Number of protein chains: 2
Amino acid sequence: MQNKLDTIFAALSDATRREILSMLLEDDMAVTDVAEPFEMSLAAISKHLVILTKSGLISQEKRGRVKWCKLEPDALKDASIWMQGFGQFEAVNLDAFEAFLEQELEK
Amino acid sequence: MQNKLDTIFAALSDATRREILSMLLEDDMAVTDVAEPFEMSLAAISKHLVILTKSGLISQEKRGRVKWCKLEPDALKDASIWMQGFGQFEAVNLDAFEAFLEQELEK
DNA sequence: GAATTAGTCAACCAGATGGTTGACTTTCCG
DNA sequence: CGGAAAGTCAACCATCTGGTTGACTAATTC
């Protein structure tokens, strides 16, 4: 496991980690609060957060004794761009796609 | 590993398998031909193809003694849709996105 | 200063992953 | 028919993964 895409897709391949990412969409969270809804130990969640951090999908910052977890959605961009080479995205020009996004976001 | 998204992302987390998918973008290929550029045994590639098949990213069909591998890009759709919840795709309406795609594809 | 809270670390475990090699089946070709 | 080609299967191996528990550090609160 060297490649950045490797680590991102590997991080996404676990349902618990995808759930954590969804939670962080709402707001930044402390490790303990991330762990709360799951039926597994805090240590297990801590490990998942390390994997997410190493992949770049989240970042962690310690303030006092609380470690805050923050979504880093840009990391998904790499994966998205790779995936655009395929399937329904086959014929789609990336520049046109981004222009579309800007337009959408201005609404 | 039960979930469909689990298997898709796990399949994508290996550089060899991503490379295979890229090769299949060009055209359907026999197992032996898929294996040719890689410095690993045919058996190893065969295993990778099983993983890709189980995830739905490719399909395999045997004709005579040759087993043909075919890209199934629709499987990536599930992963793409999941990812649209994040980052730059945050505010993008999926219907609008698909309308855009159709428009693009007609060009 | 003592107890509590937040979180990590280390050891351990079972099972998956990614590779090997050698034996094997099936199909094709001469 | 006999041999080569296309693949898979099974056994094996080292490493990674996802979880556990218990001990630990550091910050906070009483």
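These numbers come from the heavy atoms of this one structure, side chains and all, not from hydrogens, waters or symmetry mates. Below, chain A is the first sequence line, B the second, and so on; all start at residue 1. Everything quoted here is computed from the prediction, not taken from an experiment.
At whole-Å resolution of the value, CG in A/Asn3 and P in C/dG18 are 14 Å apart. Taking atom CE of A/Met29 as the reference point, atom C1' of C/dG7 lies 15 Å away to the nearest angstrom. If you measure from atom NZ of B/Lys54 to atom P of C/dG18, you get 12 Å, rounded to the nearest angstrom. Put simply, CG on A/Leu52 is 13 Å from P on C/dT8, counting in whole angstrom units. One can place CG of A/Asp14 at 14 Å from C1' of C/dG15, the figure rounded to the nearest angstrom. Residue B/Glu36 contributes atom CD, which lies 16 Å from atom C1' of D/dG7 at whole-angstrom precision. In this structure, the CD1 atom of A/Ile51 is 13 Å from the P atom of C/dC9, given to the nearest Å. Summarising the geometry, the separation between CD1 on B/Ile45 and P on C/dT17 is reported as 17 Å, rounded to the nearest angstrom.
The backbone N or O of A/Leu12 lies less than 3.5 Å from no partner atom in the side chain of A/Arg17, so there is not a single donor-acceptor pair. Although no hydrogens or angles enter the test, the distance criterion places a donor-acceptor pair under 3.5 Å between the side chain of A/Thr53 and the main chain of A/Leu49.
Rounded to the nearest 0.5 angstrom, A/Leu52 CG and A/Glu72 CD are separated by 11.5 Å. Atom OG1 of B/Thr32 is separated from atom NZ of B/Lys67 by 11.5 Å, given to the nearest 0.5 angstrom. The distance from the CD1 atom of A/Ile51 to the OG atom of A/Ser13 is 8.5 Å, given to the nearest 0.5 Å. With rounding to the nearest 0.5 angstrom, the CG atom of B/Leu57 is 12.0 Å from the CZ atom of B/Arg18.
The side chain of A/Arg17 sits closest to D/dG18 out of D/dG7, D/dG18, C/dT8.
Near DNA chain C, defined here as any heavy-atom distance below 4.0 Å, the residues from residues 60-67 of chain B are B/Gly64, B/Arg65, listed numerically.
A/Met23 and A/Met40 fall within a single hydrophobic cluster, where Ile, Leu, Val, Met, Phe, Trp and Tyr side chains are chained together by heavy-atom contacts under 4.5 Å.
Grouping Ile, Leu, Val, Met, Phe, Trp and Tyr residues whose side-chain heavy atoms lie under 4.5 Å apart, directly or via other members, places A/Trp68 in a hydrophobic cluster with A/Val66.
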Protein N or O to nucleotides 20-23 of chain C N or O, pairs below 3.5 Å:
{"unit_1": "C/dT20", "atom_1": "OP2", "unit_2": "B/Ser41", "atom_2": "N", "d": "2.9"}
{"unit_1": "C/dT20", "atom_1": "OP2", "unit_2": "B/Ser41", "atom_2": "OG", "d": "2.8"}

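For A/Ser46 and C/dT8, the shortest distance from a side-chain N or O to OP1 or OP2 is below 4.0 Å.
Minimum heavy-atom separation, A/Ala75 to A/Gly56: CB-O, 3.4 Å.
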